[in-house]
Amino acid sequence: MSGGSAASRRYSRRIWPTMLSYVVLLALALWTRHSRAVEGALRYAIALLPAIPLVGVVALVAQAISAEEDEFQRSVWAEAMLWGTATTMVATTVWGFLESLAGAPHLPLYWVFPFFTGATLVAILTLRQRYR
Amino acid sequence: MKNRLKVLRAERNWSQADLAERLHVSRQSVNAIETGKFDPSLPLALRIARLFGHPVEAIFDDDTNPEK
């Protein structure tokens, strides 16, 4: 997170394999989507596979923030996540209005998390500029 | 919150990084506190006070001190 602390090194070491396994499991789930060999409960199980590393990513970020000893850096992360949450809430709700009332194309809900991640990262970069 | 951190630091010829190292915080923290953009927690404020050998209220000023 903020620099060279043991917590941030542990985070960096674990986050990439977790992200990679998310991509691999998601690719697998998408690949079997139209297969007739995969039916019923197995289809549910495969659809849930990408959720495992996803929960892992959330847990790693939570761990890294609580292990961050610098109270100012922790407050920057908290503020960035509030901005990310607010942006995501507004954007997804507005899109819901557009879908239901104006016939905009349907967006699958799994885009909510990447959107939140992107919005939080933009907020982090903006806040770092402000507090440089 | 207004504070005298920059003056106290200059008196000792410390850079922001020097002070950060002595307080075990990031340089960004020192900058944010100095410029009044971030108020330190009570434990960190006490650490700052101890480091400079002044009471907390001699370093930080919240503009509500009735004695002034």
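So you know, we letter chains A, B, ... as the sequences are listed, proteins then strands, and number each from 1.
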Determine whether A:Ile52 and A:Leu26 fall in the same hydrophobic cluster, where Ile, Leu, Val, Met, Phe, Trp and Tyr are linked whenever their side-chain heavy atoms lie under 4.5 Å apart. no
I'd like to know whether CH2 of A:Trp83 has more than 12 heavy-atom contacts from other residues, nucleotides or ligands below 6.0 angstrom. no
Can you tell me how far the CD atom of A:Glu71 sits from the OG atom of B:Ser26, to the nearest 0.5 Å? 9.5 Å
Hydrophobic cluster identity match, A:Val61 and A:Val55, side-chain contacts under 4.5 Å: no
For A:Asp70 versus B:Ser29, what's the shortest heavy-atom pair and its separation? OD1-OG, 2.7 Å
Should we say atom CD of A:Glu99 is surrounded by more than 12 heavy atoms from elsewhere, each under 6.0 Å from it? yes
Least distance between heavy atoms, B:Lys37 atom then A:Tyr131 atom: CB-CE2, 3.7 Å
Is there a path of hydrophobic side-chain contacts, each under 4.5 Å between heavy atoms of I/L/V/M/F/W/Y residues, joining A:Val57 to A:Leu28? no
Linking I/L/V/M/F/W/Y whenever any side-chain heavy atoms sit under 4.5 Å apart, do B:Leu8 and B:Trp14 land together? yes
In a table with atom names and distances, give each donor-acceptor pair under 3.5 Å that connects a side chain of residues 109-126 of chain A to protein atoms at least two apart or in another chain.
{"from": "A:Thr117", "atom 1": "OG1", "to": "A:Phe113", "atom 2": "O", "distance (Å)": "2.8"}
{"from": "A:Thr120", "atom 1": "OG1", "to": "A:Phe116", "atom 2": "O", "distance (Å)": "2.8"}
{"from": "A:Thr126", "atom 1": "OG1", "to": "A:Val122", "atom 2": "O", "distance (Å)": "2.6"}

Ordered numerically, the heavy-atom neighbours of chain A under 4.5 Å found in residues 41-51 of chain B are B:Ser41, B:Leu44
